[in-house]
Amino acid sequence: MTVDRMLPTAEAHDLLDLTRELCERELAPKAADFEARGEFPREVIRTIGRSGLLGLPYPEECGGAEQPYEVYLQVLETLAGTWLAMAEAVSVHTLACYPVYAHGSEAQRKMLPDMLGGEMLGAYCLSEPQGGSDAAALQTKATRDEDGHWVVNGTKAWITHGRDADFYNIFARTGGPGARGISCLLADAGTPGLHPQKAERVMGLRSSAPSPIVFDDCRVDADRLVGAEGQGFTIALEALDAGRLGIAACAVGLGQAALDYAVSYAREREQFGRPIADFQGLGFLLADMATQVSAARALLLSAARLKDAGRPFSIEAAKAKLFATDVAMRVTTDAVQVLGGAGYVSDHPVERWFREAKVLQIVEGTNQIQRLVISRSLVRD
Ligand SMILES: Cc1cc2nc3c(=O)[nH]c(=O)nc-3n(C[C@H](O)[C@H](O)[C@H](O)COP(=O)(O)OP(=O)(O)OC[C@H]3O[C@@H](n4cnc5c(N)ncnc54)[C@H](O)[C@@H]3O)c2cc1C
């Protein structure tokens with residue numbers, strides 16, 4: 001089913017066409033196989049990067065494509081409908097570029113063309129084994145040695161691209177307890193003492209499984225502090241505000257794919273001598289799925305347009321993340337139902353999409369945390 005999109009420019013239409021073509025040619029033929037083998041497709045990421053899709057919302061002068069968020073998110077949505085792990089990779093990478101883009105020193109910002117041009121893949125290291133929701137309580141420590149280097153010790157958990165990234169944003173405690181004691185450091189892959197661990201055995205997104213990272217006296221150059229000392233948590237949250245829009249876009253794309261698949265199956269499959277789509281019980285289910293996906297997209301784009309206009313958008317981003325990811329979970333669950341027994345086996349992609357949808361309700365702030373953010377904004381003076 002073609003989604004009728006109101007895009008702001010002719011260039012944006014071309015970009016969406018390019019993305020669809022890339023999906024058909026490079027992603028669709030490989031997705032099921034890489035997911036089944038649980039192998040990270042570094043070459044596919046490189047192709048996505050060289051097509052210009054890894055730096056879409058950043059300015060051209062930094063090596064990006066200077067696209068509005070509204071457009072970037074619809075590209076993500078399109079990628080997610082073909083291969084969620086690749087859309088999530090683009091979203092996480094975009095998140096990982098934010099600290100250097102927004103707070104990096106002049107020297108750090110010289111890395112942006114490679115980061116945004118697709119040659120370097122990023123990781124965002126905030127969560128830890130003892131807690132993800134209460135990120136301000138993180139325990140990974142960075143202290144200065146006599147040469148001024150930062151020496152990082154601790155363990156990060158669930159890091160997407162943990163084993164494959166070229167650069168890592170590390171949020172570490174450089175001061176006292178709480179949010180103000182946290183700083184952001186930038187480390188290259190291969191920095192001595194930075195040890196990615198075995199990938200997790202995940203329910204979905206198996207081609208891009210996260211891994212813990214152990215920092216064991218990991219020495220990061222003095223000039224790799226991003227922003228000011230103690231500013232790390234603010235930087236982490238700013239990045240997550242926009243990142244949540246990315247996760248919402250992934251959810252809309254996944255929901256749309258599940259809806260399309262369910263509709264086409266229901267038109268073909270016959271029971272009692274008629275296509276199952278003709279039964280009202282099933283037709284109404286499809287109608288609800290379609291309505292939810294459209295509503296999620298509308299909420300997402302309205303938050304994106306606020307961001308593009310330079311208006312506050314973080315609460316709207318939290319609502320979009322919450323709503324769109326809950327919709328993705330419901331719609332993929334219903335898609336399995338529409339296929340009946342066929343939905344429960346891996347011959348059809350809805351089985352994989354159902355497993356994948358779950359993670360979107362968890363990453364970049366669980367949906368309970370989104371509700372916390374939204375409810376606090378309602379009662380704040
Ligand atoms: C596939 C995958 C990829 C990920 N990638 C990254 C990454 O690249 N970088 C990164 O830093 N992290 C990453 N994460 C971690 C993710 O952000 C955390 O899992 C998430 O923030 C939740 O943290 P937790 O798992 O420690 O759960 P916990 O914080 O232990 O929460 C457990 C449960 O308690 C609920 N809860 C906690 N506090 C409250 C509260 N105040 N009110 C109501 N309910 C509450 C939560 O909603 C959840 O249901 C990834 C996780 C997964 C699964």
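Each ligand, and each atom within it, is numbered from 1 in the order the structure gives.
Looking at R42 and D166, a side-chain N of the basic residue comes within less than 4.0 Å of a carboxylate O on the acidic one, giving a salt bridge. Comment: R371 engages D326 in a salt bridge, judged by a side-chain N to carboxylate O separation of less than 4.0 angstrom.
Looking at W158 next to ligand 1, an N or O pair under 3.5 Å apart turns up. Of the polar atoms of G132, at least one N or O is found under 3.5 Å from an N or O of ligand 1, judged by distance alone. In terms of polar-atom proximity, defined here as any N/O pair under 3.5 Å, Q368 does make such a contact with ligand 1. When only interatomic distances are considered, the shortest N/O to N/O separation between Y124 and ligand 1 falls below 3.5 Å.
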* To do: Step by step, work out the side-chain hydrogen bond (donor to acceptor under 3.5 Å, both in side chains) result for R5 and Q74.
  => CA-CA 9 Å; R5 296 183 188 278; Q74 294 187 74; 2.9 Å; yes
* **CA sep, side-chain torsions, deciding dist, call: W158, E128, side-chain hydrogen bond (donor to acceptor under 3.5 Å, both in side chains)** => CA-CA 8 Å; W158 310 111; E128 298 189 347; over 6 Å; no
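Counting only heavy atoms of the protein, atom 11 (O) of ligand 1 lies nearest to S127 N, 2.8 Å. Nearest protein heavy-atom contact of atom 41 (N) of ligand 1 is L372 CD2, 4.0 Å. The nearest heavy-atom contact from the protein to atom 8 (O) of ligand 1 is T160 N, 3.0 Å. Looking at atom 40 (C) of ligand 1, its nearest protein heavy atom turns out to be I369 CD1, 4.1 Å. At the shortest separation from atom 37 (C) of ligand 1 among protein heavy atoms lies S133 OG, 3.5 Å.
Side chains of Q108 and H103: a donor-acceptor N/O pair is absent below 3.5 angstrom, by distance only. Residues E35 and S207 have side chains that bring a donor and an acceptor to within less than 3.5 angstrom of each other.
Less than 4.0 angstrom separates some heavy atom of L126 from each of these atoms of ligand 1: 11 (O). Residue-ligand proximity, I362 to ligand 1, at heavy-atom distances under 4.0 Å covers atoms 19 (O), 20 (C). Close approach to G131 involves these atoms of ligand 1, each under 4.0 Å from a residue heavy atom: 26 (O). The atoms of ligand 1 that sit less than 4.0 Å from any heavy atom of V363 are 2 (C), 3 (C), 4 (C), 50 (C), 51 (C), 52 (C).
Per-atom contact check: atom 35 (C) of ligand 1 does not touch the protein, criterion being a heavy-atom distance below 4.0 Å. For atom 30 (O) of ligand 1, no protein non-hydrogen atom is found at a distance below 4.0 Å. Counting only heavy atoms, the protein gets under 4.0 Å from atom 2 (C) of ligand 1.
Other residues, nucleotides and ligands place no more than 12 heavy atoms under 6.0 Å from the CZ atom of F354. Other residues, nucleotides and ligands place more than 12 heavy atoms under 6.0 Å from the NZ atom of K30.
By the 4.0 Å heavy-atom criterion, V202 is excluded from the residues contacting ligand 1. Residue contacts with ligand 1 include V359, since one or more of its heavy atoms lies under 4.0 Å from the ligand.
Contacts with ligand 1 closer than 4.0 Å are made by backbone heavy atoms (N, CA, C, O) of E364 only, the side chain lying farther away. Only side-chain heavy atoms of P210 come within less than 4.0 Å of ligand 1; its backbone N, CA, C and O stay farther off. Only the side chain of T366 comes within 4.0 Å of ligand 1, counting heavy atoms alone; its backbone N, CA, C and O stay farther away.
A distance below 6.0 Å separates the ring centres of Y124 and F171. For Y261 and H348, the ring centers are positioned less than 6.0 Å apart.
Between E119 and R50, some side-chain heavy-atom pair lies under the 4.5 Å cut-off. No side-chain heavy atom of E356 sits less than 4.5 Å from a side-chain heavy atom of M203.
Seen from the ring of F272, R274 does not count as a face-on cation partner, given the 6.0 Å and 45° thresholds.
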